[in-house]
Amino acid sequence: MNRHSCFFFVIVSALMLSAACDRGPRDGDYTLTLLSTNDMHGHWFDSTYVGGHTRRSLFAVNHYVDSVRKADGAENVLLVEVGDCLQGDNAAYYYNYVDTLSPHLFPRLMDYMGYDAIVWGNHDVETGHKVYDRVQKELMDYGIPFLAANAIRNDNGKPYFPPYKIVKKAGLKLAVLGYQNANIAGWLAQEVWSGMHFEPIAARVQQDVDALRAREKPDVVVVAVHSGTGEGDGSSLESEGRDIFHKVRGVDFVLCSHDHRPMTEVRDSIALLNSGSHGRFLAQGKLHVKVEGGKVVSKSLETGLIPVKAEKADTAMRAHFRREFEAVRAFTLQEVGILNADLRTREAYTGMCDYMNLIHTLCLSRESAQISIAAPLTYNGHIRSGILVFNDLFTIYPFENQLYVVKMTGEEVARYLEVSYDKWINTISTPADHVLKIHAREDSRNQQAGWSFENWAYNFDSAAGICYTVDVTRPFGSRVKIASMADGSPFEPAREYHVAMTSYRASGGGGLLQEAGVDTDDIDARVHSRYPEIRNILYDYLMENGSIDPEVIGNPAVIGHWAFVPEELARPALERDMALLFQR
């Protein structure tokens, strides 16, 4: 047993059961109901802050959880959250960064709903030490830990958070092991996860399970991973769910998450569950256990996805947290400026647009930045012209990404753009060809048929500060032609430039830098400067300028210009593809 495994069992005593757990179950038949959620992304409240629209939420999830508890017996139900809890909505932002004196809302919600354990997700890491350390402390006051067996402290080799929790449900002793996504270093700046490192889950989970079974002798083992489902071929460090499901032994349930892909699967005596995201489904597994002579002699499994209806919100829970909702609502309805033209994020897929011009302008507003690289982070957002409130800033920029300025040569910039556009477009010869890389398929996240991009749109980076074209008739490697800097000065392949990009991208997120030949493992050597979160830069821009004006953010002397060419071929092909994507 290596030293990490030895430390695996150094657990806070509050997480352990009393001596009652040490006795085996009595003879008989038992049924455990496992319910899991994941990737709620701050969808705590059932009402939006503007317009009061009803949406799926923890309130609605709680309605279904309570229904199952009433039907199956609360003592027979295990409730687990598999991560990405603390980011993605106004409420999370407010309690993470604005009201830091009141008890954080998230632990109180988890206690109210009776969660047994929570896995620490990558977007929870993104909030930074001050937030997740505080939340963990408050969660522990309720006896509900963040779990992360593979987040290892650098100073002593112990897990940063508890690796597992023991609970008793349905007369059985249960062990819930939790794991963080192993690819954190590929997405997030080291400062937000300083003092630790993340080990691949599939490489250690069997050893952990075997050691846990030998020590604790649980009747049921649940492995909950904030990692995507994957293909089960070991090819993706980001998505190890099926890798574990296919190989691990001595486990009854594998809960995965991260990819927002609702699904369940049963193989032999093990089940895989993924509830999707944003409370669209509640994943359910039922484990039937027969005990004879004090030992488990047989098990059988059932799985399913319970659709969650937004309107089925728990009214008692809504009333209980009404004061907190009103506090968040008041904060996010503050007026912050004027928008002089509609912003539509989907226009970014066809060329320059006001939305991307704004993001690039914000990036280039830092005096050290010469070139900006950015992508649309909301797939199909629409911000209407008129008075802007703080709530609108979450649509314009939904993530808490910092702005980094990274040193790159002109040649690296050109190669980077080739990589980006190769994820985005095809090489075509007629207007009837698909210039956008799209195909017809059912979206596994919502089971809706239609057209979608082959790759994630948040990796479709364009550049500003330079003037260039993208030739849709040319193959990868020869599409991008950079004519000059935005001010008309020469663009030089051998020259070093200061390139603004998100902390996510600079840390290797999306893999574009790596594909362009930039070593992100040593990105600190390239970082020229770091700035606050981009949403905060947007807020400061509004405080200084009062409005967002298309003529100002579209100034070609600042942001330059780019376009798909030849226009007579690219334009009709783009319009046709956009009609398919958005059913126009």
Atom pair [atom1] ([X]) and [atom2] ([Y]), whose distance is rounded to the nearest 0.5 Å:
| X | Y | atom1 | atom2 | answer |
| --- | --- | --- | --- | --- |
| S227 | D259 | OG | CG | 8.5 Å |
| E199 | D208 | CD | CG | 8.5 Å |
| I152 | Q180 | CD1 | CD | 11.5 Å |
| L436 | I425 | CG | CD1 | 8.5 Å |
| I438 | S452 | CD1 | OG | 8.5 Å |
| L305 | L273 | CG | CG | 8.0 Å |

[X] and [Y]: side chain donor to acceptor below 3.5 Å:
| X | Y | result |
| --- | --- | --- |
| H258 | D84 | no |
| D433 | N426 | no |
| Q206 | D210 | yes |
| Y349 | N380 | no |
| H43 | D89 | no |

#### Entry: Reference residue L78; test side-chain contact (heavy atoms from CB on, under 4.5 Å); the match among L172, V220, L34
L34
Checking [X] now: which residues fulfil side chain to side chain donor-acceptor pair (under 3.5 Å) with it, not counting sequence neighbours?
| X | value |
| --- | --- |
| T37 | E81, Y115 |
| N96 | H104 |
| T31 | H288 |
| E400 | R535 |

### Query
Do Y132 and F146 have their ring centres less than 6.0 Å from each other?
no
### Query
Any chance the rings of Y160 and W193 have centres within less than 6.0 Å?
no
### Query
Does the side-chain contact (heavy atoms from CB on, under 4.5 Å) test come out yes or no for W120 and C85, once each step is laid out?
CA-CA 8 Å; W120 191 38; C85 323; over 6 Å; no
### Query
Does the pair S194 and H129 meet the rule for a side-chain contact (heavy atoms from CB on, under 4.5 Å), with working shown?
CA-CA 8 Å; S194 61; H129 270 286; 3.3 Å; yes
Measure the shortest side-chain to side-chain distance between [X] and [Y] over non-hydrogen atoms and say whether it is less than 4.5 angstrom.
| X | Y | answer |
| --- | --- | --- |
| T229 | F245 | no |
| F106 | M40 | no |
| K423 | L512 | yes |
| L377 | N401 | yes |
| V251 | I244 | no |
| L86 | Y95 | no |
| P145 | Y164 | no |
| V205 | E240 | no |

For [X], check side chain to side chain contact (heavy atoms under 4.5 Å, CB included) against everything at least two apart and list the hits.
| X | answer |
| --- | --- |
| T33 | L35, V68, D72, V77, Q284, K286 |
| D314 | N62, D66, A316, M317 |
| D29 | K290 |
| H63 | S67, K312 |

Looking only at atom types and distance, does a side-chain atom of [X] sit under 3.5 Å from a main-chain N or O of [Y], one as donor and one as acceptor?
| X | Y | result |
| --- | --- | --- |
| K299 | S269 | no |
| D252 | V222 | no |
| T378 | T395 | yes |
| K173 | E216 | yes |
| R153 | G195 | no |
| D46 | S57 | no |

I'd like to check the ring pair (Phe, Tyr, Trp, His ring centres under 6.0 Å) partners of [X]; sequence neighbours left out, ordered by chain and number.
| X | value |
| --- | --- |
| H439 | none |
| H41 | H123, H260, H278 |
| Y404 | none |

### Message
Between K437 and D422, does any NZ, NE, NH1 or NH2 come within less than 4.0 Å of an OD or OE carboxylate oxygen?
### Response
yes
### Aromatic plane relationship, F460 with W424 - under 30° parallel, 30 to 60° tilted, over 60° perpendicular
parallel
For residues [X] and [Y], report the shortest heavy-atom separation together with the two atoms involved.
| X | Y | result |
| --- | --- | --- |
| T520 | G508 | CG2-CA, 3.8 Å |
| P262 | F281 | CB-CD1, 3.7 Å |
| D124 | G121 | OD2-N, 2.7 Å |
| L105 | W44 | CD2-CE3, 3.7 Å |
| V225 | S257 | O-OG, 3.1 Å |
| P107 | L139 | CA-CD2, 3.7 Å |

### Task
Given side-chain contact (heavy atoms from CB on, under 4.5 Å), test V221 with L177 step by step and report yes or no.
CA-CA 8 Å; V221 175; L177 296 88; 3.6 Å; yes
### Message
Before you tell me yes or no, could you show the steps for Y379 and F582 under ring pair (Phe, Tyr, Trp, His ring centres under 6.0 Å), namely the whole-Å CA-CA distance, both residues' side-chain angles and the distance that decides it to 0.1 Å?
### Response
CA-CA 11 Å; Y379 176 71; F582 299 102; 5.4 Å; yes
### Query
E412: what forms a salt bridge (Lys or Arg N to Asp or Glu O under 4.0 Å) with it, not counting sequence neighbours?
R526
### Task
Among E238, H226, Q87, find the one that has a side-chain hydrogen bond (donor to acceptor under 3.5 Å, both in side chains) with N122.
H226
### Task
Apply side-chain contact (heavy atoms from CB on, under 4.5 Å) to the pair Q190 and I523, showing each step before the final yes or no.
CA-CA 10 Å; Q190 189 172 2; I523 199 64; over 6 Å; no
